[in-house]
Amino acid sequence: MWRIIATQDGHLTVGSRSVKFLISVLAFGVLLLGYLYPIQGTNPTTTAHFTGFVTEWITLVTPVIGILLGYNAVVSERESGSLKLSLVLPHSREDILLGKLLGRTVPLVTALGAALILAGALVVYPFGELLLLNFAVFVLVAICYAILWVSIGLAVSISVSSKRRALVSGFAIPTVFVYGLHSIERAVRVGLSSTGVTSG
Amino acid sequence: MVAIKATRLSKRYNTVVALDRIDLTVNKGETFGFLGPNGAGKSTFINILLDLVKPSDGEVSILGNNCQDEGVKVRNKIGVLPEGYSVFDRLTGRQHIEYAIRSKDADDNPIEILDRVGIREAADRKASEYSKGMAQRLVLGMALVGSPELLVLDEPTSGLDPNGAAEMRDILREENERGATIFFSSHILEQVEAVCDRVGILQNGELVTVDTITNLRSSLGGGTKLLIETGTEVNGSLDTVRGLSDVETAIENDETIEVTCTDDAKMDVIVALHDAGVDVVNFRTEEASLEDMFVEYTAGGQ
């Protein structure tokens with residue numbers, strides 16, 4: 001039964017222009033880096049180094065897209081009342097939740113996975129080296145990371161009572177845990193190296 | 001066979017009692033009207049049937065399945081028109097029906113259903129552009145998918161114009177003739193009167209009465225209203241009429257006397273007026289409407 005919800009929800013989500021735009025931004029960014037890395041990166045050109053090159057972009061953009069996909073999955077339908085139309089049909093709460101999660105992760109995961117594989121091909125061709133196992137693990141981790149953020153968005157969507165609250169708390173989480181920690185980490189590093197505790 | 005069986009079903013919200021120990025049995029094949037003023041607890045009862053709300057006490061089953069423990073099974077057998085819903089923004093009317101068909105694993109033709117509820121020509125328009133009445137028809141269409149054994153409709157005629165309401169009643173009759181049980185709530189009495197076999201009247205969370213319309217009528221002092229045109233002032237003779245046995249009320253209103261009494265007392269009233277020297281220009285009788293009964297039943301509870 002979750003398949004029906006997933007299809008239904010996929011229709012509703014992919015139809016949204018902002019979602020399409022953001023997923024494209026993520027995918028094109030990855031492809032662009034795949035193109036630039038062999039030109040700019042340090043030798044030797046391997047997929048192992050490329051993953052380091054692309055990680056920052058993915059960690060930066062994926063949380064925003066994941067939250068954006070997840071935060072209104074339930075709360076907006078509950079606010080408007082269209083959730084009732086699903087609840088009075090023979091769907092369990094669990095099916096609705098699973099369907100929503102899949103309906104929203106599949107477009108993101110497909111775009112991210114495809115972009116990474118294409119970017120990997122750009123790195124390998126013509127002079128690069130493919131470390132298959134290593135790269136496959138990286139793609140898998142990136143996909144899990146995307147699912148994680150959609151799940152966080154969905155969790156927020158279930159637990160709050162209005163779309164506005166979902167938006168605020170949804171975006172507070174990546175702001176604190178991704179961008180915030182990132183900045184603190186950098187500040188600490190700069191501080192440490194300027195005081196000479198660490199070098200480089 | 002029993003379609004809906006509620007046993008001591010109660011719902012409390014903090015200190016407010018929304019439903020108070022409701023015992024109700026709706027038989028298979030009947031059209032049951034659930035009547036009551038706004039806030040009486042009708043929607044709470046229906047929401048418990050649909051497992052949108054958990055009961056505080058008691059239990060309710062539909063076609064032998066517990067509504068809370070076997071919700072999916074229950075909802076597979078029933079068609080629902082809830083209240084307070086909204087349609088999906090980005091989907092067309094046809095896609096709404098298709099969603100219900102997939103969800104119930106049915107094989108209906110979406111266009112046939114849209115045709116039945118009268119919005120075939122709007123099938124491929126976004127449902128968000130529909131008027132309130134069209135949305136109501138659309139969701140009724142979703143409820144009809146899979147020819148369910150029981151239709152649960154919460155205020156089905158809200159948002160419909162008189163024509164729409166009449167069409168809704170026709171559809172309910174057709175469904176009932178097909179063999180479906182119909183359970184619907186309403187605060188509009190004529191609707192209930194027109195289609196129901198039995199009615200339950202809910203007041204402040206309590207089921208005040210459950211009976212057929214005919215029995216409700218007869219329990220209401222015979223249920224006849226006599227309207228007598230006199231053409232002149234009646235003066236003291238109203239008291240004479242009121243003094244007759246089997247007369248409940250007598251009111252003068254613009255040279256017309258309104259008397260509620262049993263069927264048998266009608267002639268006595270006319271004769272009494274004649275004897276008192278009042279000219280009876282004309283008279284007619286009216287059946288007491290459900291509205292009169294409704295007021296009678298619920299006014300005492302306030």
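Each chain gets a letter, A, B and so on, in the order its sequence line appears, and its residues count up from 1.
- In this structure, B:Arg102 CZ and B:Gln95 CD are separated by 8.5 Å, a value rounded to the nearest 0.5 Å.
- Note that NZ of B:Lys11 and OH of B:Tyr13 are 5.0 Å apart. Values are rounded to the nearest 0.5 Å.
- Distance alone, capped at 3.5 Å, places no donor-acceptor pair between the B:Asn27 side chain and the B:Glu30 backbone.
- A centroid separation of 6.0 Å or more is found between the aromatic rings of B:Phe184 and B:Phe32.
- Distance CD1/B:Ile4 to CG/B:Leu9: 11.0 Å, rounded to 0.5 Å.
- Interatomic distance, CD of B:Glu98 versus CG of B:Asp108, reported as 11.5 Å (0.5 Å rounding).
- Put simply, the side chain of B:Leu207 does not reach to within 4.5 Å of the side chain of B:Ile201, judged on heavy atoms.
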Chi angles and distances behind the salt bridge (charged side-chain N to carboxylate O under 4.0 Å, His left out) call for B:Arg94, B:Glu112: CA-CA 10 Å; B:Arg94 185 209 297 260; B:Glu112 269 171 25; over 6 Å; no
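- When the heavy atoms of residues 69-96 of chain A are compared with those of chain B, the residues falling under 4.5 Å are A:Glu77, A:Ser80, A:Gly81, A:Ser82, A:Lys84, A:Leu85, A:Ser86, A:Leu87, A:Val88, A:Leu89, A:Pro90, A:His91, A:Ser92, A:Arg93, listed by number.
- Using non-hydrogen atoms only and a strict 4.5 Å limit, the part of residues 52-82 of chain B facing chain A consists of B:Leu52, B:Val72, B:Arg75, B:Asn76, B:Val80, B:Pro82.
- Applying a 4.5 Å heavy-atom cutoff, the residues of residues 116-150 of chain B that approach chain A are B:Val139, B:Met142.
- For residues 140-169 of chain A, the set of pairs meeting the salt bridge (charged side-chain N to carboxylate O under 4.0 Å, His left out) definition, not counting sequence neighbours, is empty.
- B:Leu24 has its side chain within reach of B:Phe45: a pair of non-hydrogen atoms, C-beta onward, lies under 4.5 Å apart.
- Classification of the A:Trp149-A:Tyr145 ring pair by plane angle, with boundaries at 30° and 60°, yields perpendicular.
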Residue pair B:Lys42, B:Asp154: steps toward the salt bridge (charged side-chain N to carboxylate O under 4.0 Å, His left out) verdict: CA-CA 8 Å; B:Lys42 301 186 300 281; B:Asp154 201 349; over 6 Å; no
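- Between atom CD of residue B:Glu175 and atom CG of residue B:Leu151 there is a gap of 5.5 Å, rounded to the nearest 0.5 Å.
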